[in-house]
Amino acid sequence: MARRIRETVAAIPLGKVASYGQVAELAGWPRRARYVARVLGQTPAAARLPWHRVVRADGRIAFVEGSEPFEKQRGRLEAEGVAVLGGRISMRRYRWQPDLSELLFQPPPAE
DNA sequence: CTGATGACTATAG
DNA sequence: CCTATAGCCATCA
């Protein structure tokens, strides 16, 4: 169960992000956004999960702005090309779209 | 059993 | 942009 969550997070491609609720749904656990958050919090760093690619539905990092974990996540995202401006990420640009048909309707990652 | 909590989300004004 | 509200749900004191 929690494993399904981790597998979904692990599937998020580099340079893309997904919201907690999106991960929950893709993993087969609708309305379990908070559960996803807790699973990530309990997953040891040794699991090497791309947890930093999971953000809030509005594109903001879930941690308190300026906190250590917040900065860590921001750093990792920017390191892989995801712009975090004012603590926010453009979901329109970086939201992970696992479905190809929907991917075609996404604006180009130009800029 | 009850109430509080939180790496959440959606909607409204 | 911001605050307020209301759902949500596993977990824990």
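Convention: sequence-line order gives letters A, B, ...; per-chain numbering from 1.
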**Asked** Going 5' to 3' along nucleotides 2-13 of chain B, which nucleotides have protein heavy atoms under 4.0 Å from the base (write B), which only from the sugar-phosphate (write S), and which from neither (write -)?
**Response** ----BBBSS---
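Looking only at side-chain heavy atoms (C-beta outward), A:Trp29 and A:Met1 come within less than 4.5 Å of each other. In this structure the side chain of A:Gln22 reaches within 4.5 angstrom of the side chain of A:Arg95, judged on heavy atoms.
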Contacts table for residues 32-39 of chain A: side-chain donor-acceptor under 3.5 angstrom, sequence neighbours left out:
none

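Qualifying salt bridge (charged side-chain N to carboxylate O under 4.0 Å, His left out) partners for A:Arg48, counting only residues two or more places apart in sequence or in other chains: none.
Rounded to an integer number of Å, the gap from CZ of A:Arg31 to C1' of C:dC9 is 10 Å.
Remark: the separation of the P atoms in C:dA10 and B:dC1 is 16 Å, to the nearest Å. When the P atom is compared between C:dT5 and B:dA7, the two are found 22 Å apart, to the nearest whole Å.
Using a cutoff of 4.0 Å between basic side-chain nitrogens and carboxylate oxygens, A:Glu80 and A:Arg53 are scored as salt-bridged. Using a 4.0 Å cut-off between charged side-chain N and carboxylate O, A:Glu7 and A:Arg3 make a salt bridge.
The side chain of A:Arg32 contributes no N or O atom lying less than 4.0 Å from OP1 or OP2 of C:dC8.
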